[in-house]
Amino acid sequence: MASDDLIEIEGVIKEVHPGGTFLVETSAGTDVQAHLAGKLRRYRIRVVLGDRVTVAVSPYDLTKGRIVFRHK
């Protein structure tokens, strides 16, 4: 699947799980289990509880995604 096919949704970090996964509550009201994208890991951008983030979600499974941007 190409990265162009992903759906980007804004949300808020609701829970932090061990292993680098997060539970994100989206603006639509759904919960998405997400992990950090490679660029966020590479540049050591910290994501903490309550942060606004953008999550890239596959159209096939809307419950799992990747955090691609942290809003200020």
Side-chain angles (χ1 to χ4, degrees):
M1 170 180 288
S3 62
D4 298 341
D5 297 338
L6 298 176
I7 303 167
E8 291 194 353
I9 305 171
E10 288 192 21
V12 177
I13 302 289
K14 189 172 161 184
E15 292 179 19
V16 180
H17 296 290
T21 60
F22 302 89
L23 188 66
V24 179
E25 184 177 5
T26 64
S27 55
T30 60
D31 289 338
V32 176
Q33 186 176 7
H35 62 274
L36 288 178
K39 292 257 182 175
L40 291 174
R41 248 190 256 126
R42 179 179 176 192
Y43 294 110
R44 296 189 179 135
I45 296 174
R46 301 230 182 245
V47 177
V48 294
L49 191 68
D51 280 349
R52 271 190 32 219
V53 294
T54 300
V55 180
V57 179
S58 167
Y60 300 109
D61 187 7
L62 299 174
T63 62
K64 294 184 178 133
R66 182 183 320 129
I67 298 172
V68 293
F69 187 76
R70 177 183 170 257
H71 299 277
K72 298 211 176 209

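The chain is numbered in sequence order, starting from 1.
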> Could you give the distance from OG1 (Thr26) to CG (Asp31), rounded to the nearest 0.5 Å?
Replying inline: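 Result: 7.0 Å between the selected atoms.
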> Roughly how far, to the nearest 0.5 Å, is CD of Glu8 from CZ of Arg66?
Replying inline: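 Going from CZ on Arg66 over to CD on Glu8, the span is 10.0 Å.
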Testing the basics here: between [X] and [Y], what is the closest heavy-atom pair and its distance to 0.1 Å?
X: Ile9; Y: Ser27; answer: CG2-OG, 4.4 Å
X: Ala56; Y: Leu6; answer: CB-CD1, 3.9 Å
X: Leu62; Y: Val32; answer: O-CG2, 3.7 Å

> With sequence neighbours left out, what residues match Glu10 under salt bridge (Lys or Arg N to Asp or Glu O under 4.0 Å)?
Replying inline: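 Glu10: salt bridge (Lys or Arg N to Asp or Glu O under 4.0 Å) contacts with Arg52.
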> What residues form a salt bridge (Lys or Arg N to Asp or Glu O under 4.0 Å) with Arg70, not counting sequence neighbours?
Replying inline: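 Testing Arg70 for salt bridge (Lys or Arg N to Asp or Glu O under 4.0 Å), a comparison that skips the adjacent residues, returns Asp51.
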> Applying ring pair (Phe, Tyr, Trp, His ring centres under 6.0 Å), which residue pairs with at least one partner in residues 18-72 are found, sequence neighbours left out?
Replying inline: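 Ring pair (Phe, Tyr, Trp, His ring centres under 6.0 Å) check on residues 18-72 returns Phe69-His71.
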So if you build clusters from Ile, Leu, Val, Met, Phe, Trp, Tyr with side-chain heavy-atom gaps below 4.5 Å, do [X] and [Y] land together?
X: Val12; Y: Val24; answer: no
X: Val57; Y: Leu40; answer: yes
X: Val68; Y: Val16; answer: no

> Checking side chain to side chain contact (heavy atoms under 4.5 Å, CB included) for the pair Ile67/Ile13: CA distance, chi angles, key distance, verdict?
Replying inline: CA-CA 10 Å; Ile67 298 172; Ile13 302 289; 3.9 Å; yes
